[in-house]
Amino acid sequence: MAMDEELEFYVTFPPALPPENSDDDVGVVDDKERNEPVVVLLGWSGCQDKHLAKYAAIYQQQGLGTIRYILPMGDAFLRPAKVQETVTKILELFCDLELKNNTVFFHVFSNNGGILYRSITEILHDNRNDSELTDIKIGGVVFDSCPSPATIGNASSAIVASMHSSHFIIKYAFVALFVVNAIFARFLGIFVPAIRRWEVQYRQYIPALEQDKGRYPQLFLYSKADEIVPYTEIERFAEERRKSGVPVRLVCWEDTAHCQHLRKHPKEYIHHCEQFIKDCLS
């Protein structure tokens, strides 16, 4: 079901089983009383929910709950205030669903999902915050085609790829607007503290993820054929996390495009996701 019309969260829990020792044919269980693991899927730029739903189905077939959300294209790089607003909404949803009783996993797609994930986990791991949030147990995270430094080049490539159905003039006009905005922000940031904080936030994207306090397992699904996020950046980041004591798994394909691994290698992709969850819960 859609939980927020503006932000379009989609929350799905498996069918409730009848309570034990009940004569009723159907058991009614409130979402807040469910304790199944929950996977939060954060989509890539330009992703449609019908695509993200296919990934959610992998986990739903295992009896897990899922939450799907796609940060609108451009928010991650052009509207940082919207990112923080979205993070607040997601955390409010966590509280509403009382996910402290569930093990939460993240499945993050590209840097669009990665930037959102970084902001969420920074708050979840901050002991100064509401105990209801810090009590949430994270079981692991799956990184699909990410992370990599949030550079102008990477962002421009992602914008072009996400607007594949648009006219080329519209695509490159949007890219030009983004590049001009990014350069202007860097220059203006010298004089305006608020803009400087915005620009620093994105330069700190990868360092912040590398210093993430979480030590739960991480699975990286990526490809050497990815033209948006270099596979070497993903491997470098994974190695940094390994040095920090994080259990790391890497699955690299030779021939898949950005965020297209499930489409080209469905059996392998599903197997690795299912096995990762099972191992994290065992």
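All of these numbers come straight from a predicted model, not from anything done at the bench.
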Quiz prompt | Shortest non-hydrogen contact from Val104 toward Val40 | solution = CG1-CG2, 3.9 Å
Quiz item: Could you state the interatomic distance from CG (Asp226) to CG (Asp144), rounded to the nearest 0.5 Å?
Solution: 9.0 Å
Quiz item: Do Cys273 and His107 have side chains that get closer than 4.5 Å, going by heavy atoms?
Solution: yes
Quiz item: Taking the inter-plane angle between the rings of Trp253 and His261 on a 0 to 90° scale, is it parallel (under 30°), tilted (30 to 60°) or perpendicular (over 60°)?
Solution: parallel
Quiz item: Between atom CD1 of Ile120 and atom CD1 of Ile90, what is the distance when rounded to the nearest 0.5 Å?
Solution: 4.0 Å
Exercise. Among Val38, Asn102, Val11, find the one that has a side-chain contact (heavy atoms from CB on, under 4.5 Å) with Leu97.
Key: Val11
Quiz item: In Å and rounded to the nearest 0.5 Å, what is the CD1 to CG distance from Ile115 to Leu71?
Solution: 8.0 Å
Quiz item: Checking Asp49 side chain against Arg68 main chain: does a donor-acceptor pair fall under 3.5 Å?
Solution: no
Quiz prompt | Backbone N/O of Arg118 and side chain of Asp212: donor-acceptor pair under 3.5 Å | solution = no
Quiz item: So which heavy atom on Pro149 is nearest to which on Glu233, and how close?
Solution: CD-OE1, 3.4 Å
Self-check item: Residue among Ser223, Ser110, Ser45 satisfying side chain to side chain donor-acceptor pair (under 3.5 Å) with His258
Solution: Ser110
Quiz item: Mind checking whether Asp255 and His265 have side chains closer than 4.5 Å, heavy atoms only?
Solution: yes
Quiz item: Going by heavy atoms in the side chains, are His271 and Glu268 under 4.5 Å from each other?
Solution: no
Exercise. Any chance you could measure Glu239, atom CD, to Glu210, atom CD, to the nearest 0.5 Å?
Key: 11.0 Å
Self-check item: Non-hydrogen side-chain atoms of Lys89 and Gln84 separated by less than 4.5 Å
Solution: no
Exercise. Indicate the atoms forming the closest heavy-atom contact of Cys146 with Val229, along with that distance.
Key: CA-CG1, 4.4 Å
Quiz item: If we only count heavy atoms from C-beta on, is the Ile67 to Phe94 side-chain gap below 4.5 Å?
Solution: yes
Exercise. Check whether any side-chain heavy atom of Leu91 sits under 4.5 Å from a side-chain heavy atom of Leu124, and report yes or no.
Key: yes
Exercise. Test side chain to side chain contact (heavy atoms under 4.5 Å, CB included) on Lys137 and Tyr216 and set out the steps.
Key: CA-CA 10 Å; Lys137 177 185 177 182; Tyr216 40 80; over 6 Å; no
Quiz item: Should Lys267 and His272 be marked as a side chain to side chain contact (heavy atoms under 4.5 Å, CB included) after you check the CA-CA gap, both sets of side-chain angles, and the distance that decides it?
Solution: CA-CA 9 Å; Lys267 290 184 179 179; His272 287 298; over 6 Å; no
Self-check item: Donor-acceptor contact below 3.5 Å, side chain Arg263 vs main chain Thr256
Solution: no
Quiz item: Minimum heavy-atom separation for Asn112 to Gly43, with atom names?
Solution: ND2-O, 3.3 Å
Self-check item: Donor + acceptor pair across side chains of Tyr205, Asn111 (<3.5 Å)
Solution: yes
Practice problem: Evaluate the side-chain proximity of Phe237 to Leu209: yes if any heavy-atom separation is below 4.5 Å, no if none is. | Solution: yes
Quiz item: Looking only at heavy atoms, which two atoms of Gly139 and Pro217 are closest? And how far apart?
Solution: O-CD, 3.4 Å
Quiz item: In Å, rounded to the nearest 0.5 Å, how long is the span from CZ of Phe13 to CD of Glu36?
Solution: 6.5 Å
Practice problem: Could you tell me how the ring of Phe9 sits relative to the ring of Tyr69: parallel (under 30°), tilted (30 to 60°) or perpendicular (over 60°)? | Solution: tilted
Practice problem: Tell me whether the centres of the aromatic rings in Tyr59 and Phe105 are closer together than 6.0 Å. | Solution: no
Quiz item: Which word best sums up how the rings of Tyr55 and Tyr269 line up, parallel for under 30°, tilted for 30 to 60°, or perpendicular for over 60°?
Solution: perpendicular
Exercise. Answer whether the closest heavy-atom distance between the side chains of Arg249 and Asp279 falls below 4.5 Å.
Key: yes
Exercise. Check Pro14 against Gly63 and note the closest heavy-atom contact, atom names and distance.
Key: CG-O, 3.3 Å
Quiz item: Taking 4.0 angstrom as the limit, do Glu235 and Arg242 come out as a salt bridge?
Solution: no
Self-check item: Spatial distance of atom OH (Tyr222) from atom CG (Leu250) [nearest 0.5 Å]
Solution: 4.0 Å
